[in-house]
**Student:** 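Quick one: this structure, given as structure tokens, is what I'll be asking you about.
Letters A, B, ... are given to chains in the order of the sequence lines, protein chains preceding strands, and every chain is numbered from 1.
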Amino acid sequence: MRWSAAFIPTLRDAPADAEAASHKLLVRGGFIRQLHAGHYSLLPLGLRVHEKVAQVVREEIDAIGGQEFLLPAMHPASLWKQTGRWDVMGDEMFRLQDRGGADLALGMTHEEVFSHIATSLHSYKELPQLWYQIQMKFRDEPRPKSGLLRVREFAMKDSYSFDIDDEGLDRAFEAHHGAYIKIFDRLGLTAMPVQASSGAMGGSASVEFMVASPAGEDDVLVCGSCGYRANVERGTSRLDPVDSSPSDEVPERFATPGVRTIAELEDIDGGAVAVNQIKTMVMVLDGEVALALLRGDHQLNLQKLQDCSGAVEIRPATSEETFASLGAHPGSLGAVGVTGLRVLCDLALEGRTGMVTGANEDDWHLRGVSMGRDIAVDAWVDMREVQSGEACVDCGSVLEVVRCIEAGHIFKLGRKYADAMGISVLDADGKAQIPTMGSYGIGIGRAVAAIAENHHDDAGLCWPLAVAPYHVLITILDLDDQEAAALANEAEIAFTRAGLDVLVDDRAARPGVKFADAELIGVPYRLTIGGRSLSKGQVEFTPRETGTTEMLERTSCIEVILDTLLASQ
RNA sequence: CGGGCUGUGGCGCAGUUUGGUUAGCGCACUGGUCUGGGGGACCAGGGGUCGGAGGUUCAAAUCCUCUCAGCCCGACCA
């Protein structure tokens with residue numbers, strides 16, 4: 001490709017509203033353009049990277065026996081009603097109607113459609129099956145952000161496994177686990193598998209593949225010592241022991257005028273340190289007011305609450321709802337003597353005595369509260385969010401919280417969808433069996449952004465060879481120089497013949513412009529042909545990553561570069 | 001959904017407080033001259049009606065009302 005004829009609209013300035021490095025650089029480098037919030041056009045350069053990422057993913061899923069499909073992006077509502085997700089998905093699903101008034105949806109995932117196809121499986125002999133596609137998903141994200149990192153329309157590799165038994169599902173899950181490790185490694189991403197919440201997908205196990213990046217949106221607990229890795233939506237920690245010896249104390253009201261926060265209650269006369277307080281949070285779970293109790297110094301994690309409560313829709317109660325339920329305002333709430341409300345209590349409070357909590361009367365608190373005796377707890381659950389510095393649940397070392405991009409997610413779904421969709425095969429005994437499913441996703445565009453986040457410097461992008469839009473950039477400095485033109489031509493032909501993607505910068509621009517653009521778009525290797533070196537019979541070879549230039553002999557440069565590139569592929 | 005911010009040529013911005021000539025600057029773009037190894041200089045150009053609608057006024061980018069869009073934080077989110 002000759003740059004002079006290519007559409008590579010580089011910009012000197014990033015759009016003012018771009019924050020993330022990948023967003024800025026992908027726009028500046030002429031890879032993407034925003035159409036509107038959450039919808040991006042891939043320009044030729046961006047598409048090249050996108051396709052290369054997709055190809056790596058395709059090869060590795062093929063390698064574990066995946067069969068590629070391409071399913072419709074638009075689905076009939078009936079399909080989604082069959083699994084109940086027409087209602088469950090809520091506002092996140094794009095919905096529309098055809099001319100006849102029939103309800104349709106734009107697919108946000110494809111369990112339903114693949115399951116629909118899987119109803120034509122009839123025998124255990126046809127299992128296992130591993131099906132996948134690379135296709136557009138549509139999700140009406142409340143807040144698209146950071147360029148390609150969070151969008152409303154994106155290509156996803158989604159695969160689905162169908163097995164007769166749990167052992168089969170385990171094998172499919174492990175196969176994906178291994179494939180994902182290879183994929184992210186080939187993409188130049190350091191991805192760590194972490195224990196994750198299955199969220200609305202349900203199912204028995206789920207592992208996320210996380211790439212550390214400040215541009216990410218997930219927090220992961222990382223133990224540097226034993227390798228424990230878990231999303232904060234799932235992970236836990238080992239707490240320092242606290243005194244919880246049985247106590248004869250009975251709850252006693254005491255005045256706390258003006259006290260509304262944990263910190264204020266620590267300071268007031270007769271109060272208690274946060275560890276000895278009960279934090280009472282009023283939440284609305286699927287329309288029903290419930291109490292979530294935590295130790296005073298702990299934070300609630302909503303995803304954990306959702307997972308342990310089974311509720312689909314969760315929100316904090318309004319202060320009106322709170323007052324109507326408990327008769328007091330936030331800051332004076334407690335669960336002592338409360339009946340008729342579901343009370344969920346964090347495990348960290350189990351067996352605690354001598355606690356301080358709100359009295360459900362503004363400006364009054366209770367002390368001497370014993371958990372089991374004074375509070376009617378419906379369920380003991382893990383719903384606190386682990387903070388950085390807490391002790392690893394497995395080995396006791398210090399946990400670190402690392403900000404990450406979720407690059408992949410694999411789920412064991414079990415039989416929920418297969419059952420709902422009516423998939424059934426006969427086993428060896430002639431008995432009908434419902435297959436068990438797994439589902440496995442990688443967002444292609446998000447992977448592109450994650451790579452950009454992790455492979456760039458001040459001058460621009462720095463693509464790993466495997467996903468670079470072009471492998472080599474031949475920069476001609478003096479367009480009038482016949483010898484330079486001839487050499488560039490010769491090199492382009494030789495590189496292309498060797499299977500490399502070559503971009504030749506033959507623009508009538510000054511060297512500074514060409515160098516700056518070269519670094520911005522991040523082609524891994526640059527061959528610079530300029531009069532100054534050429535007069536000495538030399539050319540320059542510069543890997544983008546190091547930026548250090550090596551002088552090569554004009555006569556042998558093509559060979560040397562080919563050796564270098566083919567060796568590093 | 002709550003909070004904050006922003007909409008002026010392709011990109012980045014000034015002008016809005018205090019309404020008043022043909023709406024300005026940098027980059028990019030076109031033609032030219034010089035230059036020629038890190039976004040060069042000069043000359044000459046083209047392109048916007050100021051997110052949209054309504055209103056106030058002799059006069060609106062500027063004031064008022066409504067509305068749309070985008071970004072950030074939070075909530076939410078397979």
**Student:** Contact class for A:Arg526 vs. all strands (heavy atom < 4.0 Å): base, sugar-phosphate, or nothing?
**Tutor:**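 The answer is base, as A:Arg526 lies within the cut-off (heavy atoms under 4.0 Å) of a base atom.
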
**Student:** Return whichever of A:Ala18 or A:Pro511 has its heavy-atom-nearest nucleotide of RNA chain B closer to the 5' end.
**Tutor:**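 Of the two residues, A:Pro511 wins.
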
**Student:** Do the ring centers of A:Phe114 and A:Phe69 come within less than 6.0 Å of each other?
**Tutor:**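 Judged by ring-centre distance (under 6.0 Å), A:Phe114 and A:Phe69 do meet the cut-off.
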
**Student:** Please state whether the rings of A:Phe184 and A:Tyr180 are parallel, tilted or perpendicular, taking 30° and 60° as the class boundaries.
**Tutor:**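 Perpendicular, since the angle between the ring planes exceeds 60°.
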
**Student:** May I ask you to check whether A:Phe31 and A:Trp463 place their ring centers less than 6.0 Å from one another?
**Tutor:**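 Yes.
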
**Student:** What distance, rounded to whole Å, do you find between the two P atoms, one in B:G10 and one in B:G51?
**Tutor:**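 Comparing P positions in B:G10 and B:G51 gives a spacing of 13 Å.
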
**Student:** So if I take every side-chain heavy atom of A:Ser533 and compare against B:G37, B:G70, B:C72, which nucleotide ends up nearest?
**Tutor:**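 Between B:G37, B:G70, B:C72, the one nearest the side chain of A:Ser533 would be B:G37.
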
**Student:** Is the base of B:G40 touched by the side chain of A:Arg510 through a donor-acceptor pair closer than 3.5 angstrom?
**Tutor:**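 Side chain to base: pair found, below 3.5 Å.
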
**Student:** Which of these, A:Thr528, A:Thr549, A:Thr475, A:Thr548, sits in a side-chain hydrogen bond (donor to acceptor under 3.5 Å, both in side chains) with A:Thr542?
**Tutor:**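 Among A:Thr528, A:Thr549, A:Thr475, A:Thr548, the one meeting side-chain hydrogen bond (donor to acceptor under 3.5 Å, both in side chains) with A:Thr542 is A:Thr549.
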
**Student:** With both distances under 3.5 angstrom, what nucleotide forms a Watson-Crick or G-U wobble pair with B:C13?
**Tutor:**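 By the stated definition (distances under 3.5 Å), B:G24 pairs with B:C13.
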
**Student:** Around atom NE2 of A:His116, are there more than 12 heavy atoms of other residues, nucleotides or ligands at under 6.0 Å?
**Tutor:**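 Open.
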
**Student:** Write down the distance separating the P atoms in B:U22 and B:A14, rounded off to the nearest Å.
**Tutor:**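 Each nucleotide's P atom is 24 Å from the other's.
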
**Student:** Between B:C71 atom P and A:Glu19 atom CD, what is the distance in whole Å?
**Tutor:**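 Distance check: A:Glu19 CD to B:C71 P gives 11 Å.
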
**Student:** Just how far is it from atom CG of A:Asn301 to atom CG of A:Asp382, taken to the nearest 0.5 Å?
**Tutor:**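 That separation rounds to 9.0 Å.
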
**Student:** Quote, to the nearest angstrom, the P distance that separates B:U30 from B:G47.
**Tutor:**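 Each nucleotide's P atom is 16 Å from the other's.
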
**Student:** Please give, in whole Å, the distance from B:G74 P to A:Glu385 CD?
**Tutor:**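 Taking atom P of B:G74 as the reference, CD of A:Glu385 is at 12 Å.
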
**Student:** To the nearest Å, how far apart are A:Glu141 CD and B:G70 P?
**Tutor:**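 Roughly 14 Å, once rounded to whole Å.
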
**Student:** Name the pairing partner of B:G19, where a pair is Watson-Crick or G-U wobble with both distances under 3.5 Å, or state none.
**Tutor:**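 Looking at the geometry, B:G19 pairs with no nucleotide.
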
**Student:** By the 4.0 Å heavy-atom rule, please label A:Ser146 as base, sugar-phosphate, or nothing.
**Tutor:**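 Sugar-phosphate only.
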
**Student:** Return the pairing partner of B:C34 with a 3.5 Å limit on both distances, Watson-Crick or G-U wobble; otherwise return none.
**Tutor:**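 Its partner is B:G40 (Watson-Crick or G-U wobble, both distances under 3.5 Å).
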
**Student:** Give none if B:A59 has no partner; otherwise give the nucleotide forming a Watson-Crick or G-U wobble pair with it, both distances under 3.5 Å.
**Tutor:**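 The base-pairing partner of B:A59, which may sit in any strand shown, does not exist here.
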
**Student:** Nearest whole Å is fine: how far is B:G40 P from A:Lys514 NZ?
**Tutor:**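 In whole Å, B:G40 P and A:Lys514 NZ are 14 Å from each other.
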
**Student:** For the pair made of CD in A:Glu92 and C1' in B:A75, what is the distance, rounded to whole Å?
**Tutor:**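 Checked: the CD to C1' distance equals 14 Å.
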
**Student:** Using a cut-off of 4.0 Å on non-hydrogen atoms, how would the nucleic acid contact of A:Gln34 be classed: base, sugar-phosphate, or nothing?
**Tutor:**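 Contact class for A:Gln34: sugar-phosphate only.
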
**Student:** Please measure how far the C1' atom in B:G52 lies from the corresponding atom in B:C13, and state the result in whole Å.
**Tutor:**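 Looking at atom C1' only, B:G52 and B:C13 are 23 Å apart.
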
**Student:** At under 4.0 Å between heavy atoms, what does A:Ser439 touch on the DNA or RNA strands: base, sugar-phosphate, or nothing?
**Tutor:**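 Nothing, no nucleic acid heavy atom in range.
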
**Student:** Distance between the C1' atoms of B:C68 and B:A53, in whole angstroms?
**Tutor:**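 Here B:C68 and B:A53 have their C1' atoms 10 Å from each other.
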
**Student:** Before you tell me yes or no, could you show the steps for A:Arg554 and A:Glu483 under salt bridge (charged side-chain N to carboxylate O under 4.0 Å, His left out), namely the whole-Å CA-CA distance, both residues' side-chain angles and the distance that decides it to 0.1 Å?
**Tutor:** CA-CA 10 Å; A:Arg554 177 224 181 293; A:Glu483 196 191 350; 3.1 Å; yes

**Student:** Considering just the side-chain nitrogens and oxygens of A:Lys145, establish if one lies under 4.0 Å of OP1 or OP2 belonging to B:G70.
**Tutor:**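 The answer is no; no side-chain N or O of A:Lys145 sits under 4.0 Å from OP1 or OP2.
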
**Student:** Let me know the distance between CE of A:Met283 and C1' of B:A75, rounded to the nearest Å.
**Tutor:**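 Whole-Å distance recorded here is 10 Å.
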
**Student:** Grab the CG-C1' distance between A:Leu527 and B:G37 for me, whole Å please.
**Tutor:**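 Going from A:Leu527 (CG) to B:G37 (C1'), I get 15 Å.
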
**Student:** According to the Watson-Crick and G-U wobble definitions, with both distances under 3.5 Å, which nucleotide is paired to B:C71?
**Tutor:**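 B:G4 is the nucleotide pairing with B:C71.
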
**Student:** Using the C1' atoms only, state how far B:U49 lies from B:G9, rounded to an integer number of Å.
**Tutor:**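 After rounding to an integer number of Å, I get 11 Å for this pair.
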
**Student:** At under 4.0 Å between heavy atoms, what does A:Glu233 touch on the DNA or RNA strands: base, sugar-phosphate, or nothing?
**Tutor:**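 Counting heavy atoms under 4.0 Å across all strands, no contact is made by A:Glu233.
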
**Student:** How would you summarise protein contacts on nucleotides 1-14 of chain B per nucleotide, using B for base, S for sugar-phosphate only and - for none, with heavy-atom distances below 4.0 Å?
**Tutor:** ----------SSS-

**Student:** Not counting sequence neighbours, list each pair that qualifies as a side-chain hydrogen bond (donor to acceptor under 3.5 Å, both in side chains) and has a residue in residues 280-292 of chain A.
**Tutor:**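 Every pair satisfying side-chain hydrogen bond (donor to acceptor under 3.5 Å, both in side chains) with a residue in residues 280-292 of chain A: there are none.
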
**Student:** Verify salt bridge (charged side-chain N to carboxylate O under 4.0 Å, His left out) between A:Asp166 and A:Arg415, making sure each step is shown before the conclusion.
**Tutor:** CA-CA 10 Å; A:Asp166 291 347; A:Arg415 297 184 165 77; 3.6 Å; yes

**Student:** Rounded to whole angstroms, how far apart are CZ on A:Arg532 and C1' on B:G38?
**Tutor:**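 Atom CZ in A:Arg532 sits about 11 Å away from atom C1' in B:G38.
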
**Student:** Minimum heavy-atom separation for A:Leu479 and A:Arg507, please, with both atom names.
**Tutor:**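 Answer, listing the atom of A:Leu479 first, then A:Arg507: CD1-O, 3.4 Å.
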
**Student:** Please report the distance separating the P of B:G19 from the corresponding atom of B:G31, rounded so that it comes out in whole Å.
**Tutor:**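 Here B:G19 and B:G31 have their P atoms 45 Å from each other.
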
**Student:** Would you kindly compare A:Gly531 and A:Met108 by the position of their nearest RNA chain B nucleotide and give the one closer to the 5′ end?
**Tutor:**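 Counting from the 5' end, the first nearest nucleotide belongs to A:Gly531.
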
**Student:** Scan A:Asp91 against the nucleic acid and name what it touches under 4.0 Å (heavy atoms): base, sugar-phosphate only, or nothing.
**Tutor:**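 It contacts nothing in the nucleic acid.
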
**Student:** If we take the C1' atom in both B:C43 and B:U35, what is their distance in whole Å?
**Tutor:**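 Here B:C43 and B:U35 have their C1' atoms 15 Å from each other.
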
